[in-house]
Chemist: 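Quick one: this structure, given as structure tokens, is what I'll be asking you about.
What you are looking at is a predicted structure, and each value in this text was computed from that prediction instead of being measured.
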Amino acid sequence: NAITGMAAIGRPLDGYVYIQDAAGIVINVSIAADGSYQTDASGMQPPFIVRAQASDGRVWYSYAPSLVPANVSQLTTLVMFIANGKADLAVLYDNWVQRHDSLTASAMLHAQAVVNLNFSGLFERQGLDHTVYNFFTASFAADGTGFDAVLDAIGPISFGAGIYQFSNPAHQA
């Protein structure tokens with residue numbers, strides 16, 4: 001009955017993960033030094049929206065349709081942003097009880113396919129098949145290899161009203 005995952009954006013996040021269920025129950029847990037988190041979700045009702053808040057105040061989001069791993073990264077946030085019609089994810093989080101049905105499985109699958117395709121070169125360089133890799137649930141370490149190397153290469157993503165912007169000084173992107 002646990003929800004586990006990694007909270008990393010190319011480095012482990014420091015801060016807390018907040019998990020809200022379909023009934024509006026919210027639990028939170030500290031993010032470990034390696035970026036991992038685990039919390040008991042017994043008695044909670046899926047689907048879940050996950051919010052990771054770093055100590056600097058920045059926030060990222062993720063989603064779990066059931067008691068499955070729920071990694072949190074700039075790409076999980078991007079997928080949710082696209083699947084949510086490019087609307088503010090803080091509003092979705094604040095209104096999850098009323099709006100969780102609006103985030104459909106097909107919208108999530110489509111948005112993840114779009115993101116995976118757009119970053120397919122980075123996935124392939126790390127030996128990850130972009131056509132099947134699910135970064136919401138796949139196990140990884142925040143160690144600069146595999147999927148974490150993809151996050152390192154992408155760098156931070158800023159989200160605004162209907163837009164997202166990449167900023168990666170290492171790649172002048």
Side-chain angles (χ1 to χ4, degrees), residues 1-32 34-41 44-97 99-116 118-119 123 128 132-142 146-148 150-152 154-159 164:
N1 290 335
I3 295 181
T4 64
M6 286 295 293
I9 57 167
R11 62 172 169 73
L13 291 176
D14 60 336
Y16 292 88
V17 169
Y18 299 83
I19 300 168
Q20 183 176 179
D21 78 350
I25 296 169
V26 178
I27 55 174
N28 70 309
V29 62
S30 295
I31 300 168
D34 67 356
S36 66
Y37 76 90
Q38 179 173 342
T39 187
D40 182 3
M44 295 181 77
Q45 300 174 31
F48 305 97
I49 188 167
V50 180
R51 183 183 80 190
Q53 184 163 348
S55 60
D56 66 6
R58 292 189 296 164
V59 176
W60 291 268
Y61 293 91
S62 189
Y63 172 83
S66 60
L67 291 173
V68 295
N71 297 321
V72 186
S73 70
Q74 63 270 49
L75 291 188
T76 61
T77 306
L78 180 57
V79 166
M80 291 190 63
F81 182 70
I82 294 168
N84 191 45
K86 299 180 184 172
D88 188 343
L89 292 174
V91 172
L92 179 65
Y93 183 88
D94 290 344
N95 297 285
W96 187 243
V97 173
R99 300 207 32 223
H100 65 81
D101 287 339
S102 68
L103 203 63
T104 65
S106 70
M108 290 292 289
L109 286 171
H110 175 75
Q112 185 166 11
V114 167
V115 169
N116 283 18
N118 277 285
F119 294 110
F123 278 74
L128 304 171
V132 296
Y133 190 78
N134 183 343
F135 50 76
F136 280 86
T137 60
S139 179
F140 74 97
F147 182 65
D148 191 57
V150 172
L151 297 177
D152 286 338
I154 292 167
I157 302 175
S158 299
F159 295 85
Y164 46 92

Chemist: How about Tyr133 and Phe147: are their ring centroids closer than 6.0 Å?
Modeler: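 When the ring centroids of Tyr133 and Phe147 are compared, they turn out to be within the sub-6.0 Å range.
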
Chemist: What residues, two or more places apart in sequence or in another chain, satisfy side chain to side chain contact (heavy atoms under 4.5 Å, CB included) together with Asp34?
Modeler: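 Applying side chain to side chain contact (heavy atoms under 4.5 Å, CB included) to Asp34 gives Ala32, Ser36.
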
Chemist: Heavy atoms only: give me the nearest Ala142-Arg11 pair and the separation to one decimal.
Modeler: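 Ala142 and Arg11 have their closest heavy atoms at CB-C, 4.5 Å.
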
Chemist: When rounded to the nearest 0.5 angstrom, what distance separates CH2 in Trp96 from OH in Tyr63?
Modeler: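 Here the interatomic distance stands at 5.5 Å.
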
Chemist: State, yes or no, whether a side-chain contact exists between Leu78 and Phe119 at a heavy-atom distance under 4.5 Å.
Modeler: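 Yes. Closest side-chain heavy atoms under 4.5 Å.
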
Chemist: Within the distance-only criterion (no hydrogens, no angle test), does the side chain of Gln20 pair as donor or acceptor with the backbone N or O of Tyr93 below 3.5 angstrom?
Modeler: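 Here the side-chain-to-backbone pair exists.
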
Chemist: Answer yes or no: is there a side-chain heavy-atom contact under 4.5 Å between Leu89 and Trp60?
Modeler: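 They are not in contact (no side-chain heavy atoms under 4.5 Å apart), so the answer is no.
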
Chemist: Checking Gln112 side chain against Val79 main chain: does a donor-acceptor pair fall under 3.5 Å?
Modeler: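 No; judged by distance alone, with no hydrogens or angles, the pair does not exist.
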
Chemist: Quick check against the 3.5 Å criterion: does Thr76 have a side-chain atom that pairs as donor or acceptor with the backbone of Phe136?
Modeler: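 No; zero donor-acceptor contacts below 3.5 Å.
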
Chemist: Once rounded to the nearest 0.5 Å, what's the spacing between atom CZ of Phe48 and atom OG1 of Thr39?
Modeler: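 With rounding to 0.5 Å, CZ (Phe48) is 10.0 Å from OG1 (Thr39).
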
Chemist: Can you tell me how far CG of Leu92 sits from OH of Tyr61, rounded to the nearest 0.5 angstrom?
Modeler: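 One gets 8.5 Å once the value is rounded to the nearest 0.5 Å.
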
Chemist: To the closest 0.5 Å, what do you measure between CG (Asp148) and CD1 (Ile9)?
Modeler: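 If we round to the nearest 0.5 Å, Asp148:CG and Ile9:CD1 are 10.0 Å apart.
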
Chemist: Could you walk me through whether Gln38 and Val29 pass the side chain to side chain contact (heavy atoms under 4.5 Å, CB included) check?
Modeler: CA-CA 7 Å; Gln38 179 173 342; Val29 62; over 6 Å; no

Chemist: Can you name the closest pair of heavy atoms from Val17 and Ala7 and give their distance?
Modeler: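 For Val17 and Ala7, the tightest heavy-atom pair comes out as CG2-CB, 4.4 Å.
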
Chemist: Hey, what do you get for CD1 (Ile31) to OH (Tyr16), rounding to the nearest 0.5 Å?
Modeler: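 Output value for this atom pair is 9.5 Å.
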
Chemist: Got a list of side-chain donor-acceptor pairs under 3.5 Å for residues 49-59, not counting sequence neighbours?
Modeler:
residue: Ser55; atom: OG; partner: Asp14; partner atom: OD1; Å: 3.3
residue: Ser55; atom: OG; partner: Asp14; partner atom: OD2; Å: 2.6
residue: Asp56; atom: OD1; partner: Arg58; partner atom: N; Å: 2.9
residue: Asp56; atom: OD2; partner: Arg58; partner atom: NE; Å: 3.0

Chemist: Show the nearest heavy-atom pair for residues Ile3 and Ala70, with the distance to one decimal.
Modeler: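 Ile3 and Ala70 have their closest heavy atoms at CG2-CB, 4.2 Å.
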
Chemist: How about Met108 and Leu103: do any of their side-chain heavy atoms sit closer than 4.5 Å?
Modeler: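 When only atoms from C-beta onward are counted, Leu103 and Met108 do touch, with a gap below 4.5 Å.
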
Chemist: In terms of ring plane angle, is the pair Phe135 and Phe123 parallel, tilted or perpendicular, where the classes change at 30° and 60°?
Modeler: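 Geometry flag for Phe123 against Phe135: tilted rings.
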
Chemist: Nearest 0.5 Å please: distance from the CG atom of Asp40 over to the CD1 atom of Ile27.
Modeler: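 That separation rounds to 7.0 Å.
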
Chemist: Is the side chain of Asn84 donor-acceptor paired with the backbone N or O of Met80 at a distance under 3.5 Å, no angle test?
Modeler: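 Pair absent, no side-chain N/O of Asn84 close to backbone of Met80.
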
Chemist: Quick check: closest heavy atoms across Gln45 and Asp21, and the distance to 0.1 Å?
Modeler: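 Taking every non-hydrogen atom into account, N-OD2, 2.8 Å.
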
Chemist: Where do His100 and Ala22 come nearest, in terms of heavy atoms and distance?
Modeler: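 That would be NE2-CB, 3.6 Å.
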
Chemist: Between Asp94 and Val91, is any pair of side-chain heavy atoms under 4.5 Å apart?
Modeler: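 No - every pair of side-chain heavy atoms lies 4.5 Å or more apart.
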
Chemist: Closest approach of Ser62 and Val72, non-hydrogen atoms and distance?
Modeler: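 That would be CB-CG2, 3.8 Å.
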
